[in-house]
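All chains are named by letter (A, B, ...) in the order of the sequence lines, taking the proteins before the strands, and each is independently numbered beginning at 1. Reckoned from all heavy atoms, side chains included, excluding hydrogens, waters and symmetry mates.
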Protein chains: 2
Amino acid sequence: MKTKRPTLYDVAREANVSYQTVSRVINDKAHVSEETRERVQKAIKTLGFRPNRAAQIMQTERSDTIEVVLFYSGFNLFLYEMARIVQQLGYHFVISAITDADFARTLESAASRFVDGLIIVPDTRLRGGYEELKALTGGIPFIQVGAPLGASVPSVIYDQVQGARLATQHLIDLGHQNIAEISGPLRNQDGYDRHNSWMATLREAGLEAGISIESNFTIDGGYQAMRHLLESGAEFTGVFIANDSMAFGAHTAIREYGLRVPDDISIVSFDDIPESAHFVPGLTTVRQDFNLLGRMAVEYVVDLIENPNTAIHQRVLQPKLIIRESTAALTDQRVNLTR
Amino acid sequence: MKTKRPTLYDVAREANVSYQTVSRVINDKAHVSEETRERVQKAIKTLGFRPNRAAQIMQTERSDTIEVVLFYSGFNLFLYEMARIVQQLGYHFVISAITDADFARTLESAASRFVDGLIIVPDTRLRGGYEELKALTGGIPFIQVGAPLGASVPSVIYDQVQGARLATQHLIDLGHQNIAEISGPLRNQDGYDRHNSWMATLREAGLEAGISIESNFTIDGGYQAMRHLLESGAEFTGVFIANDSMAFGAHTAIREYGLRVPDDISIVSFDDIPESAHFVPGLTTVRQDFNLLGRMAVEYVVDLIENPNTAIHQRVLQPKLIIRESTAALTDQRVNLTR
DNA sequence: TGAAAATTTGTGAATGCTCACATATAATTC
DNA sequence: GAATTATATGTGAGCATTCACAAATTTTCA
């Protein structure tokens, strides 16, 4: 026997006021005397009343919800902080983990659910620009996490080009001449940017681009890629690995091959996830502060939501090279001839 | 100029049918001729109509939403798979990351948002039983992830007691007599269960419980705890560390202290996160399959939602000991006298 | 072929709330 | 103390849908 939930009217009757007064109370509006406010509040408690959110949303066309749309490719590290900030700012936090096929549909459906703001985390380089996304989202304020530097979309990014440059240049500075790469997926924006920056940095230093294998940002992907690298017969003494996870896997492959890091091969990676500092050897890597990234993303959408004349722009964070034990000067390395 | 969204009526007019027929079409109901169905569909496309979810939810009192309520203590590994399955089954996925204070409020608000099912992930041992939670959730089907074995709440759990027993017994089997522990927070159900099981296993083997330090499941927590352990002057050759993250940190502390794993100290931990296999030395650890756990949790709530006479029960998964290189037989270890 | 059954379409009412406005009451001013 | 302003409360309408039923049309088959 499901007893019906009490409504505004039930409360009104109980407190002997009009339903409108009750509405004022639950929305914390002015023009209610302290006395009646208390009476209403008591009635609410007595009846166990809770406003019907669906009705409220229908009326106000606001759901106090921020939705994160991301592709199903591993939960992103910044989600953690996003959830926290979103709730702190009084919004609900919805995650849609989707595949490519659902992208347009998900964005469109957001409007019909009265989502107030959208944080889009693509896993591939999006072809369309701002206008295209704007059309899809049907006027909901949105930002993108990760985008090319200088993109016209409202976005929050870490400068990937700079990050990969830092990593590659570090290897060059240590005297390495043959620098290989395990890249992320090139269809992924970050993977693409890091890869190109690795090449560009090498070129600018007057070095040949070494061998490069495209992988998938996973531990196992890194392991496989490094095996290929080692078995390819290519010469290299340093490797730029496009993220820490792949570096873990790659390291295992190097050890299995009978070589050592950094004695035989230096590796630099990207992200600085918490494990990297405690890895043996400690990973030299390019740090991105994911908490910060998440927080900035949320703050930006909320800005857009609450302050409609916020200018569309890009917020660019600079990554930082963290030097640990996985890289060494070439002169200190034994020459790599075990093959 | 915000042009109003088209409604059922607009579509009805465009397609020259009644609004009810349009409703039938968008809900894929029977009793609509193929011809009119197509006509309506065309009208929907022409006008760019999308049903107003808020109105639908208000009417049906269903939101097709499953909410995960978890405490703000790091994103849990099973979230990934949960998101996937939830969406695969046609529900929306909402995450509420909360602190203790918000618990009751969040559960209560779920009803007013017409959440269809709740997955509760406590970070502390919940005092109340099934009835208490049931009262809070106001009749929404819910399950809990993590609970004491034998609890009356509908729950999906890994048998923590068995897991910690496996780990501890492994150390005992290797000949270790002085077995210390870095535990998780004891207010946490898993932390509590693992700790007690470590003690019980030792007792049953006729051994004294070694020194134990309570920590917080983080890398740094593990690091600090191991330092305390080492500086305490206590004798131990094996340590049960309540999760892999703490083991990473603990390993760093051991190395800094000039000792080696497993030569001087054997460590077993818990979880088997992907990094553990690639750690050096590979971590001997108790594996929990978080994807499986996530999937089972979702399937259970959906069962409860869609099939109201599903019996309340507990689904218990058994963890598995994965032996790698962080443990060794006592006889193979050099005696630990470096102190 | 015609009555019964099945299918297709339509109408009225309800859902629980907020907005815009109207009215009543109290406080302020000259 | 009447006129003005501010504050407190109430009323009507509407938001976009679905449910339950009624009406119209088509199909079935004795």
Side-chain angles (χ1 to χ4, degrees), chain A residues 2-41 43-44 47-64 108-116 138, chain B residues 2-41 43-44 47-65 108-109 111-116 138:
Chain A
K2 60 164 57 170
T3 103
K4 270 227 302 275
R5 299 163 45 98
T7 74
L8 221 45
Y9 296 89
D10 299 322
V11 176
R13 195 174 326 111
E14 173 84 14
N16 230 289
V17 292
S18 78
Y19 54 84
Q20 185 51 236
T21 302
V22 178
S23 172
R24 289 197 184 92
V25 171
I26 63 178
N27 290 308
D28 257 322
K29 294 218 170 152
H31 303 305
V32 180
S33 72
E34 198 46 46
E35 190 211 5
T36 41
R37 187 180 298 272
E38 267 166 28
R39 190 148 36 92
V40 170
Q41 232 122 33
I44 288 176
L47 299 179
F49 166 80
R50 307 213 118 240
N52 180 322
R53 282 296 294 154
Q56 290 184 316
I57 292 169
M58 184 166 134
Q59 259 295 321
T60 60
E61 310 212 324
R62 297 198 83 229
S63 67
D64 296 327
E108 283 166 14
S109 107
S112 64
R113 288 177 287 125
F114 299 102
V115 167
D116 296 308
Chain B
K2 60 165 58 172
T3 104
K4 268 229 301 279
R5 298 162 46 96
T7 74
L8 268 187
Y9 295 90
D10 299 321
V11 176
R13 196 174 325 111
E14 173 84 13
N16 230 288
V17 294
S18 76
Y19 54 83
Q20 184 53 235
T21 301
V22 179
S23 172
R24 288 196 184 96
V25 171
I26 65 179
N27 290 308
D28 257 321
K29 293 219 171 150
H31 302 307
V32 179
S33 72
E34 197 47 44
E35 190 211 4
T36 42
R37 185 180 299 272
E38 267 166 29
R39 191 147 37 93
V40 170
Q41 232 122 31
I44 288 177
L47 299 179
F49 166 81
R50 305 215 118 238
N52 180 322
R53 283 295 294 154
Q56 290 184 316
I57 293 170
M58 185 166 132
Q59 259 295 324
T60 60
E61 310 212 324
R62 298 197 85 228
S63 67
D64 296 327
T65 296
E108 284 166 14
S109 106
S112 64
R113 287 176 289 125
F114 299 103
V115 167
D116 296 310

What is the nucleic acid contact for B/Phe49, judged by heavy atoms within less than 4.0 Å: base, sugar-phosphate only, or nothing?
sugar-phosphate

Can you measure from CD (B/Gln20) to NZ (B/Lys29) and round to the nearest 0.5 angstrom?
7.5 Å

Pick the closest DNA chain D nucleotide for A/Ser33 and for B/Pro51 by heavy atoms, then say which residue is nearer the 5' end.
A/Ser33

To the nearest 0.5 Å, what is the distance between CD1 on A/Ile26 and CD on A/Gln41?
10.5 Å

Given D/dC19, D/dT18, D/dA16, identify the nucleotide with an atom nearest to the side chain of B/Gln56.
D/dT18

Assert: residue with more 5' nearest nucleotide on DNA chain C, out of B/Thr36 and B/Gln59, is B/Thr36

Test side-chain contact (heavy atoms from CB on, under 4.5 Å), reference B/Val22, set B/Leu8, B/Thr36, B/Asn27, output is B/Leu8

Roughly how far, to the nearest 0.5 Å, is the CG atom of B/Leu47 from the CZ atom of B/Arg5?
12.5 Å

Rounded distance in Å - CZ (A/Arg113) to C1' (D/dA16)
17 Å

Looking at the side chain of A/Met58, which of D/dC15, D/dT18, D/dC19 is the nearest nucleotide?
D/dC15

Specify the residues of residues 14-25 of chain B, ordered by number, for which at least one heavy atom lies under 4.0 angstrom from an atom of DNA chain D.
B/Tyr19, B/Gln20, B/Ser23

B/Asn27 side chain near D/dT18 phosphate (N/O to OP1/OP2, under 4.0 Å):
yes

Is there a donor-acceptor pair under 3.5 Å between the side chain of A/Arg39 and the backbone N or O of A/Ala15?
yes

Atom pair distance, as rounded to whole Å: NZ in A/Lys29 and P in D/dG10
16 Å

Using a 6.0 Å distance limit plus a 45 degree cone around the ring axis, check whether A/Arg53 lies over the aromatic ring of A/Phe114.
no

Please state how far atom CG in B/Asn52 lies from atom C1' in D/dG14, giving the value in whole angstrom units.
13 Å

Nearest-Å distance, CG (B/Leu8) to C1' (D/dG14)?
16 Å

Flag side-chain contact, heavy atom, 4.5 Å: A/Arg37 against A/Asp28
yes

Rounded to the Å, how far apart are A/Glu61 CD and D/dT17 C1'?
14 Å

Quick one: pull up OH in A/Tyr9 and CZ in A/Phe49 and give me the separation to the nearest 0.5 Å.
11.0 Å

Gap separating the CZ atom of B/Arg113 from the CZ atom of A/Arg50, nearest 0.5 angstrom
9.5 Å

Going 5' to 3' along DNA chain C, which are the first and last nucleotides with any atom under 4.0 Å from a heavy atom of chain A?
C/dG16 to C/dA20

